[in-house]
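A short write-up of the structure that comes next.
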Amino acid sequence: MSAPVLELRGLSKAFRVRHGFMGRETREIRAVNDVSLTIGRGEVYGLAGESGSGKSTIARMIMGLTEPTAGTILIDGAPVAHAGQRPVQMVFQNPGASLNPRRTVAQSITVPLAVQGVGAADSAARVAELLEMVELPRHFAGRYPHELSGGQKQRVAIARALATTPKLLILDEPTSALDVSVQAKVMDLLADLGRDLGLTYLFISHDLSLMRNFADRVGILYLGRIVETGTADQVFAAPSHAYSRLLIASVPVMSEDEARARPTIPLIDGEIPTAEALVAHEAKQLSQGSKA
Amino acid sequence: MTDAGPITTLSARQQNWYRFSHNPTALIGTAIVILAVLAAILAPLITPYPEHVGAVVNFRARHTPPSAEFWFGTDNVGRDIFSRCIFGLRVSLTLAAVVLIIAVPVGTTLGLVAGYFGGWTETIIMRITDVALAIPPLVMALAVAAVLTPSLLNAMLAISALWWTWHARLVYSLTRQIRALEYVEAAETLGASKLHILFREILPNCLGPIVVKTSLDAGFVILLGAALSFLGLGIQPPTPDLGTMVADGAQFLPEHWWESLMPGTVILILALGFNLLGDGLRDLFDVSEQ
(Lines give C-alpha, C1' and ligand atoms only; values in the text may rest on other atoms or scores of the structure.)
Protein backbone atom coordinates (compact mmCIF):
# COMPACT_ATOMS: atom_id res chain seq x y z
CA MET A 1 0.00 0.00 0.00
CA SER A 2 1.33 3.44 -0.95
CA ALA A 3 1.77 6.22 1.61
CA PRO A 4 -1.57 7.42 2.94
CA VAL A 5 -2.76 10.79 1.65
CA LEU A 6 -3.47 11.94 5.17
CA GLU A 7 -2.19 10.66 8.45
CA LEU A 8 -2.98 12.14 11.83
CA ARG A 9 -0.77 11.08 14.73
CA GLY A 10 -1.96 11.82 18.23
CA LEU A 11 -3.65 15.04 17.17
CA SER A 12 -4.99 17.04 20.12
CA LYS A 13 -6.51 20.43 20.63
CA ALA A 14 -7.25 21.92 24.02
CA PHE A 15 -9.05 25.21 24.50
CA ARG A 16 -8.57 27.14 27.70
CA VAL A 17 -11.77 28.30 29.29
CA ARG A 18 -11.74 30.86 32.06
CA HIS A 19 -14.16 30.47 34.88
CA GLY A 20 -14.42 31.09 38.58
CA PHE A 21 -14.07 34.47 40.30
CA MET A 22 -12.84 37.13 37.81
CA GLY A 23 -11.95 34.33 35.41
CA ARG A 24 -8.83 33.48 37.40
CA GLU A 25 -9.20 29.74 37.15
CA THR A 26 -8.72 28.22 33.76
CA ARG A 27 -9.83 24.80 32.72
CA GLU A 28 -8.79 22.96 29.64
CA ILE A 29 -11.48 21.69 27.36
CA ARG A 30 -10.05 18.96 25.22
CA ALA A 31 -11.97 19.37 22.01
CA VAL A 32 -9.81 16.81 20.23
CA ASN A 33 -7.98 14.21 22.27
CA ASP A 34 -5.21 12.05 20.80
CA VAL A 35 -6.81 11.37 17.43
CA SER A 36 -4.89 9.15 15.02
CA LEU A 37 -6.19 8.06 11.66
CA THR A 38 -5.00 7.38 8.12
CA ILE A 39 -6.78 7.94 4.86
CA GLY A 40 -5.51 6.11 1.77
CA ARG A 41 -5.61 7.38 -1.79
CA GLY A 42 -9.07 7.35 -3.33
CA GLU A 43 -10.68 6.47 -0.04
CA VAL A 44 -13.74 8.05 1.52
CA TYR A 45 -13.25 8.32 5.25
CA GLY A 46 -16.34 9.21 7.23
CA LEU A 47 -15.93 10.99 10.53
CA ALA A 48 -19.15 10.84 12.51
CA GLY A 49 -20.11 12.32 15.81
CA GLU A 50 -22.62 14.58 17.45
CA SER A 51 -22.15 18.32 17.63
CA GLY A 52 -19.35 19.29 20.00
CA SER A 53 -17.50 16.03 19.43
CA GLY A 54 -14.58 17.80 17.74
CA LYS A 55 -15.31 16.96 14.09
CA SER A 56 -14.97 20.50 12.82
CA THR A 57 -11.93 21.20 15.00
CA ILE A 58 -10.14 18.28 13.33
CA ALA A 59 -11.08 19.66 9.91
CA ARG A 60 -9.84 23.13 10.85
CA MET A 61 -6.53 21.71 12.10
CA ILE A 62 -6.00 19.79 8.88
CA MET A 63 -6.76 22.99 6.92
CA GLY A 64 -4.35 25.02 9.04
CA LEU A 65 -7.08 27.32 10.39
CA THR A 66 -6.49 26.11 13.96
CA GLU A 67 -3.13 25.21 15.54
CA PRO A 68 -3.05 21.75 17.13
CA THR A 69 -1.92 21.59 20.77
CA ALA A 70 -0.12 18.32 20.15
CA GLY A 71 0.36 15.74 17.43
CA THR A 72 1.37 15.77 13.80
CA ILE A 73 -0.44 15.98 10.51
CA LEU A 74 1.23 14.18 7.61
CA ILE A 75 0.19 14.69 4.03
CA ASP A 76 1.64 12.19 1.56
CA GLY A 77 3.89 10.96 4.35
CA ALA A 78 5.44 14.36 5.06
CA PRO A 79 4.59 16.48 8.10
CA VAL A 80 2.94 19.79 7.17
CA ALA A 81 4.43 23.10 8.18
CA HIS A 82 2.38 25.17 10.61
CA ALA A 83 1.82 27.95 8.12
CA GLY A 84 1.50 27.91 4.40
CA GLN A 85 -0.61 26.46 1.66
CA ARG A 86 -1.68 22.84 2.00
CA PRO A 87 -2.77 20.58 -0.85
CA VAL A 88 -6.08 20.13 0.96
CA GLN A 89 -9.36 21.85 0.22
CA MET A 90 -12.58 22.06 2.08
CA VAL A 91 -16.26 22.31 1.23
CA PHE A 92 -17.89 24.24 4.03
CA GLN A 93 -21.16 23.43 5.69
CA ASN A 94 -23.18 26.46 4.67
CA PRO A 95 -22.75 27.48 1.02
CA GLY A 96 -24.65 30.69 1.77
CA ALA A 97 -21.80 31.80 4.04
CA SER A 98 -18.80 30.29 2.27
CA LEU A 99 -19.28 32.26 -0.97
CA ASN A 100 -18.61 35.99 -0.93
CA PRO A 101 -21.95 37.69 -1.75
CA ARG A 102 -20.19 40.48 -3.68
CA ARG A 103 -18.21 38.23 -6.00
CA THR A 104 -19.48 36.38 -9.04
CA VAL A 105 -19.23 32.62 -9.40
CA ALA A 106 -16.30 33.04 -11.80
CA GLN A 107 -14.51 35.45 -9.44
CA SER A 108 -14.90 33.01 -6.54
CA ILE A 109 -13.62 30.05 -8.53
CA THR A 110 -10.72 32.12 -9.90
CA VAL A 111 -9.26 32.87 -6.44
CA PRO A 112 -7.35 29.56 -6.09
CA LEU A 113 -6.37 29.70 -9.77
CA ALA A 114 -4.85 33.17 -9.38
CA VAL A 115 -2.90 31.91 -6.35
CA GLN A 116 -1.40 29.23 -8.58
CA GLY A 117 -0.49 31.84 -11.18
CA VAL A 118 -2.95 30.73 -13.86
CA GLY A 119 -3.38 33.47 -16.49
CA ALA A 120 -6.70 35.17 -17.22
CA ALA A 121 -7.40 33.31 -20.48
CA ASP A 122 -6.53 29.88 -19.08
CA SER A 123 -8.46 30.58 -15.93
CA ALA A 124 -11.67 31.42 -17.87
CA ALA A 125 -11.38 28.08 -19.65
CA ARG A 126 -10.74 26.30 -16.37
CA VAL A 127 -13.79 27.96 -14.76
CA ALA A 128 -15.97 26.69 -17.62
CA GLU A 129 -14.46 23.22 -17.22
CA LEU A 130 -15.06 23.22 -13.46
CA LEU A 131 -18.66 24.40 -13.86
CA GLU A 132 -19.24 21.54 -16.28
CA MET A 133 -17.73 19.12 -13.77
CA VAL A 134 -20.23 20.15 -11.11
CA GLU A 135 -23.06 20.09 -13.67
CA LEU A 136 -23.80 23.80 -13.75
CA PRO A 137 -24.43 25.70 -17.00
CA ARG A 138 -21.52 27.83 -18.19
CA HIS A 139 -23.39 31.12 -18.07
CA PHE A 140 -23.60 30.79 -14.26
CA ALA A 141 -20.03 32.13 -14.25
CA GLY A 142 -21.35 35.71 -14.25
CA ARG A 143 -23.94 35.20 -11.52
CA TYR A 144 -23.82 36.32 -7.92
CA PRO A 145 -24.45 33.86 -5.06
CA HIS A 146 -27.86 35.36 -4.21
CA GLU A 147 -29.04 34.46 -7.71
CA LEU A 148 -28.37 30.76 -7.04
CA SER A 149 -30.21 28.12 -5.01
CA GLY A 150 -28.57 26.41 -2.03
CA GLY A 151 -27.67 23.33 -4.05
CA GLN A 152 -26.23 25.43 -6.88
CA LYS A 153 -24.16 27.43 -4.39
CA GLN A 154 -22.77 24.23 -2.90
CA ARG A 155 -21.85 23.06 -6.42
CA VAL A 156 -19.94 26.31 -6.92
CA ALA A 157 -18.17 25.74 -3.59
CA ILE A 158 -17.25 22.22 -4.76
CA ALA A 159 -15.96 23.61 -8.07
CA ARG A 160 -13.85 26.15 -6.18
CA ALA A 161 -12.40 23.45 -3.92
CA LEU A 162 -11.56 21.30 -6.94
CA ALA A 163 -9.89 24.15 -8.85
CA THR A 164 -6.49 23.43 -7.31
CA THR A 165 -6.79 19.63 -7.77
CA PRO A 166 -6.34 18.99 -4.04
CA LYS A 167 -4.91 15.73 -2.70
CA LEU A 168 -7.62 15.61 -0.07
CA LEU A 169 -11.04 17.19 -0.02
CA ILE A 170 -12.64 17.76 3.36
CA LEU A 171 -16.42 17.79 3.25
CA ASP A 172 -17.61 19.44 6.45
CA GLU A 173 -21.30 18.55 6.62
CA PRO A 174 -21.64 19.51 2.96
CA THR A 175 -25.37 18.87 2.78
CA SER A 176 -26.70 19.69 6.23
CA ALA A 177 -27.74 23.20 5.14
CA LEU A 178 -29.60 21.87 2.09
CA ASP A 179 -33.08 20.47 1.45
CA VAL A 180 -33.31 16.69 1.60
CA SER A 181 -34.10 16.41 -2.13
CA VAL A 182 -31.06 18.54 -2.98
CA GLN A 183 -28.87 16.64 -0.49
CA ALA A 184 -29.17 13.45 -2.50
CA LYS A 185 -28.18 15.18 -5.74
CA VAL A 186 -25.15 16.85 -4.18
CA MET A 187 -24.05 13.55 -2.60
CA ASP A 188 -24.44 11.80 -5.96
CA LEU A 189 -22.33 14.48 -7.59
CA LEU A 190 -19.63 14.10 -4.93
CA ALA A 191 -19.65 10.31 -5.36
CA ASP A 192 -19.36 10.66 -9.16
CA LEU A 193 -16.56 13.20 -8.91
CA GLY A 194 -14.73 11.02 -6.40
CA ARG A 195 -14.89 8.07 -8.79
CA ASP A 196 -14.07 10.00 -11.97
CA LEU A 197 -11.24 12.09 -10.56
CA GLY A 198 -9.97 9.56 -8.01
CA LEU A 199 -10.50 12.02 -5.16
CA THR A 200 -9.81 11.29 -1.52
CA TYR A 201 -12.48 12.53 0.85
CA LEU A 202 -12.68 13.19 4.54
CA PHE A 203 -16.43 13.27 5.00
CA ILE A 204 -17.59 14.85 8.24
CA SER A 205 -21.20 14.43 9.26
CA HIS A 206 -23.58 13.65 12.04
CA ASP A 207 -25.90 11.96 9.55
CA LEU A 208 -25.13 8.26 9.90
CA SER A 209 -27.47 7.02 7.20
CA LEU A 210 -25.70 9.30 4.72
CA MET A 211 -22.35 8.02 5.97
CA ARG A 212 -23.33 4.37 5.60
CA ASN A 213 -23.95 4.89 1.88
CA PHE A 214 -21.05 7.19 1.15
CA ALA A 215 -18.02 6.27 3.26
CA ASP A 216 -15.61 3.34 2.79
CA ARG A 217 -14.29 3.56 6.31
CA VAL A 218 -15.85 5.23 9.31
CA GLY A 219 -14.48 6.69 12.51
CA ILE A 220 -16.83 7.53 15.33
CA LEU A 221 -15.81 10.53 17.35
CA TYR A 222 -17.02 11.00 20.87
CA LEU A 223 -15.90 13.79 23.19
CA GLY A 224 -12.81 14.37 21.08
CA ARG A 225 -11.72 10.74 20.85
CA ILE A 226 -12.16 8.20 18.11
CA VAL A 227 -14.03 5.46 19.94
CA GLU A 228 -14.62 3.18 17.00
CA THR A 229 -13.09 2.75 13.58
CA GLY A 230 -13.37 0.23 10.77
CA THR A 231 -14.99 -0.27 7.40
CA ALA A 232 -18.46 1.17 7.12
CA ASP A 233 -20.00 -2.31 6.96
CA GLN A 234 -18.16 -3.50 10.06
CA VAL A 235 -18.98 -0.48 12.13
CA PHE A 236 -22.62 -0.40 11.16
CA ALA A 237 -23.14 -4.16 11.53
CA ALA A 238 -21.22 -4.75 14.75
CA PRO A 239 -20.29 -1.60 16.62
CA SER A 240 -18.10 -2.46 19.59
CA HIS A 241 -18.21 0.74 21.63
CA ALA A 242 -21.30 1.47 23.69
CA TYR A 243 -21.59 4.97 22.28
CA SER A 244 -21.45 3.86 18.65
CA ARG A 245 -24.05 1.20 19.39
CA LEU A 246 -26.31 3.86 20.80
CA LEU A 247 -25.67 6.13 17.86
CA ILE A 248 -26.18 3.47 15.22
CA ALA A 249 -29.25 1.99 16.90
CA SER A 250 -30.87 5.39 16.71
CA VAL A 251 -30.53 5.68 12.92
CA PRO A 252 -33.91 5.24 11.26
CA VAL A 253 -33.98 2.17 9.03
CA MET A 254 -35.46 2.00 5.55
CA SER A 255 -35.62 -1.74 4.86
CA GLU A 256 -35.97 -5.09 6.63
CA ASP A 257 -32.36 -5.93 5.81
CA GLU A 258 -31.25 -2.80 7.56
CA ALA A 259 -33.52 -3.56 10.47
CA ARG A 260 -31.93 -7.00 10.84
CA ALA A 261 -28.45 -5.52 10.57
CA ARG A 262 -29.24 -2.99 13.25
CA PRO A 263 -27.54 -3.71 16.55
CA THR A 264 -29.63 -3.92 19.66
CA ILE A 265 -28.55 -1.83 22.57
CA PRO A 266 -28.56 -4.26 25.52
CA LEU A 267 -25.61 -6.33 24.30
CA ILE A 268 -23.87 -6.05 27.62
CA ASP A 269 -25.20 -7.14 30.96
CA GLY A 270 -26.49 -4.61 33.39
CA GLU A 271 -27.90 -1.21 32.74
CA ILE A 272 -28.33 0.25 29.30
CA PRO A 273 -25.60 2.86 28.86
CA THR A 274 -27.04 6.28 28.36
CA ALA A 275 -25.37 9.25 26.77
CA GLU A 276 -25.72 11.20 30.01
CA ALA A 277 -23.91 8.51 32.00
CA LEU A 278 -21.13 8.39 29.45
CA VAL A 279 -20.77 12.16 29.39
CA ALA A 280 -20.60 12.24 33.20
CA HIS A 281 -17.98 9.49 33.18
CA GLU A 282 -15.85 11.18 30.54
CA ALA A 283 -16.17 14.54 32.28
CA LYS A 284 -14.90 12.96 35.48
CA GLN A 285 -11.95 11.48 33.62
CA LEU A 286 -11.23 14.87 32.05
CA SER A 287 -11.31 16.74 35.34
CA GLN A 288 -9.02 14.14 36.91
CA GLY A 289 -6.72 14.47 33.90
CA SER A 290 -6.47 18.26 34.19
CA LYS A 291 -5.74 18.14 37.93
CA ALA A 292 -2.93 15.63 37.46
CA MET B 1 -30.66 23.30 -12.05
CA THR B 2 -32.10 24.77 -15.26
CA ASP B 3 -32.88 28.32 -16.23
CA ALA B 4 -35.78 30.30 -14.87
CA GLY B 5 -37.67 29.91 -18.15
CA PRO B 6 -39.83 32.58 -19.76
CA ILE B 7 -40.38 34.61 -16.57
CA THR B 8 -37.96 37.49 -16.80
CA THR B 9 -36.42 38.61 -13.56
CA LEU B 10 -34.76 41.93 -12.93
CA SER B 11 -31.04 41.86 -12.27
CA ALA B 12 -29.80 43.13 -8.93
CA ARG B 13 -28.67 46.32 -10.64
CA GLN B 14 -32.12 46.91 -12.15
CA GLN B 15 -33.83 46.24 -8.81
CA ASN B 16 -31.54 48.70 -7.05
CA TRP B 17 -32.15 51.33 -9.71
CA TYR B 18 -35.92 50.80 -9.39
CA ARG B 19 -35.77 51.29 -5.63
CA PHE B 20 -33.47 54.30 -5.91
CA SER B 21 -35.54 56.00 -8.60
CA HIS B 22 -38.72 55.52 -6.54
CA ASN B 23 -37.21 57.10 -3.45
CA PRO B 24 -38.01 60.86 -3.54
CA THR B 25 -35.44 61.69 -0.85
CA ALA B 26 -32.64 60.07 -2.81
CA LEU B 27 -33.74 61.71 -6.05
CA ILE B 28 -33.92 65.23 -4.58
CA GLY B 29 -30.50 64.73 -2.97
CA THR B 30 -28.98 63.46 -6.21
CA ALA B 31 -30.52 66.35 -8.18
CA ILE B 32 -29.11 68.94 -5.75
CA VAL B 33 -25.64 67.39 -5.77
CA ILE B 34 -25.50 67.04 -9.57
CA LEU B 35 -26.79 70.61 -10.09
CA ALA B 36 -24.28 72.00 -7.59
CA VAL B 37 -21.35 70.16 -9.22
CA LEU B 38 -22.41 71.24 -12.73
CA ALA B 39 -22.94 74.84 -11.61
CA ALA B 40 -19.51 74.90 -9.97
CA ILE B 41 -17.80 73.53 -13.08
CA LEU B 42 -19.70 75.77 -15.51
CA ALA B 43 -19.65 78.85 -13.23
CA PRO B 44 -17.92 81.24 -15.70
CA LEU B 45 -20.48 80.34 -18.40
CA ILE B 46 -23.72 80.45 -16.41
CA THR B 47 -23.21 83.35 -14.00
CA PRO B 48 -24.48 86.78 -15.12
CA TYR B 49 -21.45 88.70 -13.75
CA PRO B 50 -18.41 86.37 -13.76
CA GLU B 51 -16.09 89.40 -13.39
CA HIS B 52 -17.58 90.05 -9.90
CA VAL B 53 -15.55 87.14 -8.59
CA GLY B 54 -12.46 89.29 -8.24
CA ALA B 55 -11.79 92.56 -6.45
CA VAL B 56 -14.32 94.49 -8.50
CA VAL B 57 -15.92 97.59 -7.06
CA ASN B 58 -19.28 98.87 -8.29
CA PHE B 59 -20.33 101.40 -5.67
CA ARG B 60 -23.31 102.70 -7.64
CA ALA B 61 -25.01 99.32 -7.24
CA ARG B 62 -24.00 98.56 -3.63
CA HIS B 63 -26.58 97.00 -1.28
CA THR B 64 -29.10 96.45 -4.10
CA PRO B 65 -31.92 94.16 -2.95
CA PRO B 66 -32.71 91.02 -4.98
CA SER B 67 -34.16 91.94 -8.40
CA ALA B 68 -34.35 90.63 -11.95
CA GLU B 69 -30.93 92.20 -12.57
CA PHE B 70 -29.26 90.90 -9.41
CA TRP B 71 -31.11 87.70 -8.37
CA PHE B 72 -29.63 87.51 -4.90
CA GLY B 73 -28.95 91.25 -4.61
CA THR B 74 -25.50 92.84 -4.31
CA ASP B 75 -22.99 93.17 -1.48
CA ASN B 76 -21.38 96.20 0.17
CA VAL B 77 -19.17 96.92 -2.87
CA GLY B 78 -21.90 96.25 -5.42
CA ARG B 79 -20.92 92.77 -6.55
CA ASP B 80 -23.62 90.29 -7.69
CA ILE B 81 -24.21 87.82 -4.86
CA PHE B 82 -25.71 85.16 -7.15
CA SER B 83 -22.55 85.02 -9.29
CA ARG B 84 -20.39 84.89 -6.17
CA CYS B 85 -22.51 82.13 -4.63
CA ILE B 86 -22.11 79.95 -7.73
CA PHE B 87 -18.34 80.49 -7.68
CA GLY B 88 -18.42 79.88 -3.91
CA LEU B 89 -19.68 76.37 -4.61
CA ARG B 90 -16.28 75.63 -6.12
CA VAL B 91 -14.51 76.25 -2.82
CA SER B 92 -17.03 74.23 -0.79
CA LEU B 93 -17.02 71.29 -3.17
CA THR B 94 -13.22 71.30 -3.54
CA LEU B 95 -12.88 71.28 0.23
CA ALA B 96 -15.28 68.36 0.62
CA ALA B 97 -13.70 66.43 -2.26
CA VAL B 98 -10.09 66.89 -1.09
CA VAL B 99 -10.87 66.06 2.54
CA LEU B 100 -12.79 62.92 1.60
CA ILE B 101 -10.28 61.81 -1.06
CA ILE B 102 -7.62 61.88 1.65
CA ALA B 103 -9.66 60.73 4.65
CA VAL B 104 -11.77 57.92 3.19
CA PRO B 105 -8.98 55.75 1.69
CA VAL B 106 -6.70 56.32 4.69
CA GLY B 107 -9.44 55.55 7.22
CA THR B 108 -10.69 52.56 5.24
CA THR B 109 -7.25 51.00 4.88
CA LEU B 110 -6.38 51.47 8.55
CA GLY B 111 -9.77 50.10 9.60
CA LEU B 112 -9.35 47.03 7.38
CA VAL B 113 -5.84 46.34 8.65
CA ALA B 114 -6.79 46.82 12.32
CA GLY B 115 -9.94 44.73 12.01
CA TYR B 116 -8.37 41.88 10.09
CA PHE B 117 -5.01 41.45 11.79
CA GLY B 118 -6.05 42.25 15.37
CA GLY B 119 -3.50 42.03 18.16
CA TRP B 120 -0.89 44.78 18.43
CA THR B 121 -1.72 46.22 15.02
CA GLU B 122 -5.29 46.71 16.14
CA THR B 123 -4.32 48.17 19.52
CA ILE B 124 -1.96 50.74 18.01
CA ILE B 125 -4.25 51.86 15.19
CA MET B 126 -7.42 51.99 17.25
CA ARG B 127 -5.87 53.82 20.21
CA ILE B 128 -4.52 56.50 17.86
CA THR B 129 -8.01 56.67 16.36
CA ASP B 130 -9.58 57.12 19.79
CA VAL B 131 -7.22 59.97 20.62
CA ALA B 132 -7.84 61.68 17.29
CA LEU B 133 -11.60 61.26 17.72
CA ALA B 134 -11.42 63.21 20.96
CA ILE B 135 -10.26 66.36 19.14
CA PRO B 136 -13.08 68.35 17.49
CA PRO B 137 -12.14 69.06 13.83
CA LEU B 138 -13.05 72.73 14.21
CA VAL B 139 -10.64 73.16 17.13
CA MET B 140 -7.93 71.34 15.16
CA ALA B 141 -8.50 73.62 12.16
CA LEU B 142 -8.36 76.69 14.41
CA ALA B 143 -5.09 75.48 15.92
CA VAL B 144 -3.52 74.72 12.54
CA ALA B 145 -4.64 78.09 11.18
CA ALA B 146 -3.17 79.80 14.22
CA VAL B 147 0.19 78.02 13.93
CA LEU B 148 0.45 78.13 10.13
CA THR B 149 -1.35 80.71 8.02
CA PRO B 150 -5.12 80.70 7.49
CA SER B 151 -5.66 79.25 4.02
CA LEU B 152 -7.90 76.77 2.26
CA LEU B 153 -5.05 74.25 1.97
CA ASN B 154 -4.29 74.34 5.69
CA ALA B 155 -7.98 74.01 6.54
CA MET B 156 -8.24 70.97 4.25
CA LEU B 157 -5.19 69.33 5.80
CA ALA B 158 -6.37 70.02 9.34
CA ILE B 159 -9.80 68.50 8.70
CA SER B 160 -8.37 65.51 6.80
CA ALA B 161 -5.93 64.83 9.62
CA LEU B 162 -8.90 64.04 11.87
CA TRP B 163 -11.65 62.98 9.51
CA TRP B 164 -10.13 59.55 8.65
CA THR B 165 -10.85 58.38 12.20
CA TRP B 166 -14.59 58.07 11.56
CA HIS B 167 -13.98 55.88 8.57
CA ALA B 168 -11.35 53.83 10.42
CA ARG B 169 -13.88 53.13 13.18
CA LEU B 170 -16.65 52.24 10.74
CA VAL B 171 -14.54 49.94 8.58
CA TYR B 172 -12.86 48.39 11.63
CA SER B 173 -16.18 47.27 13.11
CA LEU B 174 -17.41 45.98 9.74
CA THR B 175 -14.16 44.08 9.18
CA ARG B 176 -14.38 42.47 12.61
CA GLN B 177 -17.78 41.07 11.65
CA ILE B 178 -16.83 40.01 8.14
CA ARG B 179 -13.49 38.34 8.93
CA ALA B 180 -15.30 35.72 11.03
CA LEU B 181 -17.46 34.70 8.07
CA GLU B 182 -16.81 31.48 6.23
CA TYR B 183 -16.03 33.07 2.89
CA VAL B 184 -13.03 34.83 4.39
CA GLU B 185 -11.85 31.53 5.89
CA ALA B 186 -12.49 29.87 2.55
CA ALA B 187 -10.28 32.45 0.83
CA GLU B 188 -7.59 31.86 3.48
CA THR B 189 -7.64 28.11 2.91
CA LEU B 190 -7.49 28.68 -0.84
CA GLY B 191 -4.19 30.46 -0.28
CA ALA B 192 -5.34 33.97 -1.23
CA SER B 193 -2.91 36.76 -0.25
CA LYS B 194 -3.67 39.14 2.62
CA LEU B 195 -4.01 41.94 0.07
CA HIS B 196 -6.61 39.93 -1.83
CA ILE B 197 -8.55 39.11 1.33
CA LEU B 198 -8.55 42.72 2.55
CA PHE B 199 -9.38 44.49 -0.69
CA ARG B 200 -11.24 41.88 -2.74
CA GLU B 201 -13.11 39.82 -0.16
CA ILE B 202 -13.73 42.16 2.78
CA LEU B 203 -13.73 45.67 1.25
CA PRO B 204 -16.53 45.03 -1.31
CA ASN B 205 -18.78 43.99 1.58
CA CYS B 206 -18.05 47.26 3.41
CA LEU B 207 -18.69 49.52 0.41
CA GLY B 208 -22.37 50.20 1.14
CA PRO B 209 -21.84 51.78 4.56
CA ILE B 210 -18.66 53.55 3.33
CA VAL B 211 -20.52 55.19 0.43
CA VAL B 212 -23.38 56.27 2.71
CA LYS B 213 -20.98 57.69 5.29
CA THR B 214 -18.94 59.50 2.63
CA SER B 215 -22.04 61.18 1.24
CA LEU B 216 -23.22 62.26 4.70
CA ASP B 217 -19.68 63.42 5.48
CA ALA B 218 -19.59 65.66 2.41
CA GLY B 219 -22.43 67.67 3.96
CA PHE B 220 -20.66 67.93 7.31
CA VAL B 221 -17.33 68.93 5.78
CA ILE B 222 -19.04 71.67 3.76
CA LEU B 223 -20.64 73.04 6.94
CA LEU B 224 -17.31 72.84 8.75
CA GLY B 225 -15.56 74.63 5.88
CA ALA B 226 -18.24 77.33 5.94
CA ALA B 227 -17.79 77.71 9.70
CA LEU B 228 -14.01 78.08 9.25
CA SER B 229 -14.30 80.73 6.57
CA PHE B 230 -16.99 82.49 8.63
CA LEU B 231 -14.28 82.80 11.26
CA GLY B 232 -11.87 84.05 8.60
CA LEU B 233 -9.71 80.92 8.65
CA GLY B 234 -10.64 79.50 5.26
CA ILE B 235 -9.86 80.75 1.81
CA GLN B 236 -8.86 84.42 1.78
CA PRO B 237 -10.66 87.27 -0.08
CA PRO B 238 -11.37 88.21 -2.80
CA THR B 239 -12.06 84.55 -3.85
CA PRO B 240 -15.77 84.07 -3.24
CA ASP B 241 -16.58 81.66 -0.44
CA LEU B 242 -20.02 80.99 1.00
CA GLY B 243 -18.93 81.13 4.65
CA THR B 244 -16.96 84.35 4.13
CA MET B 245 -19.94 85.92 2.37
CA VAL B 246 -22.22 85.11 5.31
CA ALA B 247 -19.69 86.70 7.67
CA ASP B 248 -19.26 89.82 5.50
CA GLY B 249 -23.01 90.25 5.12
CA ALA B 250 -23.66 89.81 8.83
CA GLN B 251 -22.51 93.35 9.62
CA PHE B 252 -25.30 94.75 7.41
CA LEU B 253 -28.09 92.80 9.05
CA PRO B 254 -31.01 93.21 9.28
CA GLU B 255 -31.70 95.87 6.63
CA HIS B 256 -29.47 94.24 3.92
CA TRP B 257 -30.59 90.72 4.92
CA TRP B 258 -29.91 89.14 1.50
CA GLU B 259 -26.15 89.56 1.83
CA SER B 260 -26.01 86.88 4.57
CA LEU B 261 -29.19 84.98 3.95
CA MET B 262 -28.57 84.10 0.28
CA PRO B 263 -25.13 82.46 0.67
CA GLY B 264 -26.38 80.89 3.94
CA THR B 265 -29.28 79.31 2.09
CA VAL B 266 -26.92 77.97 -0.57
CA ILE B 267 -24.80 76.30 2.16
CA LEU B 268 -27.96 74.85 3.69
CA ILE B 269 -29.23 73.43 0.40
CA LEU B 270 -25.82 71.99 -0.52
CA ALA B 271 -25.37 70.27 2.85
CA LEU B 272 -28.98 69.08 2.72
CA GLY B 273 -28.43 67.64 -0.76
CA PHE B 274 -25.53 65.47 0.39
CA ASN B 275 -27.49 64.36 3.47
CA LEU B 276 -30.55 63.40 1.44
CA LEU B 277 -28.34 61.52 -1.01
CA GLY B 278 -26.66 59.70 1.88
CA ASP B 279 -30.00 58.80 3.45
CA GLY B 280 -31.30 57.57 0.11
CA LEU B 281 -28.21 55.42 -0.38
CA ARG B 282 -28.60 54.05 3.13
CA ASP B 283 -32.18 52.99 2.43
CA LEU B 284 -30.95 51.31 -0.73
CA PHE B 285 -28.12 49.40 0.97
CA ASP B 286 -30.23 48.47 3.99
CA VAL B 287 -32.61 46.60 1.72
CA SER B 288 -30.07 45.00 -0.58
CA GLU B 289 -27.90 43.80 2.30
CA GLN B 290 -30.62 41.77 3.94
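Here is how names work: the chains are called A, B, and so on, in the same order as the sequence lines, proteins then strands, and each is numbered from 1.
Between A:R102 and B:E201 there is no salt bridge, since no side-chain nitrogen of the basic residue lies less than 4.0 Å from a carboxylate oxygen of the acidic one.
Shortest non-hydrogen contact noted between B:G191 and A:V115 is O-CG2, 3.4 Å. Shortest non-hydrogen contact noted between B:A186 and A:S98 is CB-O, 3.9 Å.
For A:R16, the CZ atom sits in a loose shell: 12 or fewer heavy atoms of surrounding residues, nucleotides or ligands are nearer than 6.0 Å. Around atom CZ of B:F220, no more than 12 heavy atoms belonging to other residues, nucleotides or ligands sit under 6.0 Å away.
Contact of A:L65 with chain B is made through the side chain alone, with heavy-atom distances under 4.5 Å. Using a 4.5 Å cut-off between heavy atoms, A:R60 touches chain B through its side chain atoms alone.
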Check: Run the side chain to side chain contact (heavy atoms under 4.5 Å, CB included) check on B:E185 and A:F92 step by step: do they pass?
Finding: CA-CA 10 Å; B:E185 282 195 336; A:F92 290 82; 4.0 Å; yes
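A 4.5 Å side-chain heavy-atom check between B:Y183 and A:P101 finds at least one atom pair inside the cut-off.
Taken to the nearest 0.5 Å, the CZ atom of B:R200 stands 11.5 Å off from the CG atom of A:N100. Atoms OG1 and CE, on B:T189 and A:M63 in that order, are 4.0 Å from each other to the nearest 0.5 Å. To the nearest 0.5 Å, atom CD1 of residue A:I109 and atom CG of residue B:L190 are 11.0 Å apart.
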